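Worth saying up front: this structure is predicted, and the values here are computed from it rather than measured.
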Amino acid sequence: FGAEQAILVDGTIELDLGAAVGHYSLSTETGGKVQQLRLASPVSGARWYEWNASNACWASPDDGHLLVELLVREVMHSTARYINL
């Protein structure tokens with residue numbers, strides 16, 4: 001991906017994969033005792049993630065799936081590119 005596709009704006013990471021795929025954004029949520037991220041995905045919609053310190057990862061409080069796994073799966077499927085994180 002080129003530098004023009006991923007930008008940081010006011011603490012939000014924005015990833016534009018073009019008209020065929022769509023636009024992702026990842027932002028922090030403040031307040032409360034739990035560290036949270038909000039993902040806006042053109043594939044799966046809006047999702048919340050909380051920091052899991054024991055596993056050092058961002059996980060969904062709803063079903064436990066990992067943020068990185070969802071992102072890799074969606075971007076690989078939408079772009080037909082291999083991503084190794």
Side-chain angles (χ1 to χ4, degrees):
F1 302 104
E4 70 281 0
Q5 294 172 313
I7 59 173
L8 180 63
V9 178
D10 295 326
T12 298
I13 297 171
E14 298 181 1
L15 178 62
D16 186 357
L17 297 178
V21 177
H23 178 93
Y24 286 83
S25 69
L26 190 61
S27 58
T28 60
E29 295 295 322
T30 57
K33 296 179 181 182
V34 178
Q35 291 179 301
Q36 290 187 326
L37 289 179
R38 179 184 180 274
L39 171 68
S41 162
V43 177
S44 58
R47 294 181 174 261
W48 295 94
Y49 295 88
E50 295 179 354
W51 180 247
N52 181 322
S54 62
N55 293 325
C57 63
W58 291 97
S60 168
D62 296 325
D63 62 12
H65 77 269
L66 302 181
L67 170 62
V68 69
E69 291 174 349
L70 178 79
L71 281 174
V72 167
R73 183 173 57 250
E74 286 187 11
V75 173
M76 284 179 61
H77 179 75
S78 298
T79 64
R81 293 185 182 189
Y82 177 72
I83 299 173
N84 183 14
L85 296 178

ILVMFWY cluster, Leu15 and Leu39 together (side-chain gap under 4.5 Å) | yes
From Asp62 atom CG to Arg47 atom CZ, the distance as rounded to the nearest 0.5 Å = 8.0 Å
Applying the 4.5 Å side-chain criterion to the ILVMFWY set and letting contacts propagate, would Trp48 and Ile13 be lumped into a single cluster?
-> no
Considering all heavy atoms of both residues, which atom of Leu70 and which atom of Ser44 are nearest to each other, and what is their separation?
-> CD2-OG, 3.8 Å
Identify, with sequence neighbours excluded, every residue that meets ring pair (Phe, Tyr, Trp, His ring centres under 6.0 Å) alongside His65.
-> Tyr49
Trace of the side chain to side chain contact (heavy atoms under 4.5 Å, CB included) decision for Val21 with Val75 = CA-CA 9 Å; Val21 177; Val75 173; over 6 Å; no
Can you tell me how far CD of Gln35 sits from OG1 of Thr28, rounded to the nearest 0.5 angstrom?
-> 9.5 Å
With sequence neighbours left out, the residues meeting side chain to side chain donor-acceptor pair (under 3.5 Å) with Glu69 are none
Does one side chain, of Glu74 or Ser41, offer a donor that lies under 3.5 Å from an acceptor on the other?
-> yes
Side chain to side chain contact (heavy atoms under 4.5 Å, CB included) between Leu17 and Thr79: does it pass, once the steps are laid out?
-> CA-CA 8 Å; Leu17 297 178; Thr79 64; 4.2 Å; yes
In sequence, state the C-alpha distance, the side-chain angles, and the governing distance for Tyr24 and Asp16, and then conclude on side chain to side chain contact (heavy atoms under 4.5 Å, CB included).
-> CA-CA 6 Å; Tyr24 286 83; Asp16 186 357; over 6 Å; no
Under the side chain to side chain contact (heavy atoms under 4.5 Å, CB included) criterion, do Val43 and Ser78 qualify, and how do the steps go?
-> CA-CA 9 Å; Val43 177; Ser78 298; 4.0 Å; yes
Just distance, no hydrogens or angles: give the donor-acceptor pairs under 3.5 Å from side chains in residues 51-58, sequence neighbours left out.
{"from": "Asn52", "atom 1": "OD1", "to": "Ser54", "atom 2": "N", "distance (Å)": "3.2"}
{"from": "Asn52", "atom 1": "OD1", "to": "Ser54", "atom 2": "OG", "distance (Å)": "2.8"}
{"from": "Asn52", "atom 1": "OD1", "to": "Asn55", "atom 2": "N", "distance (Å)": "3.0"}

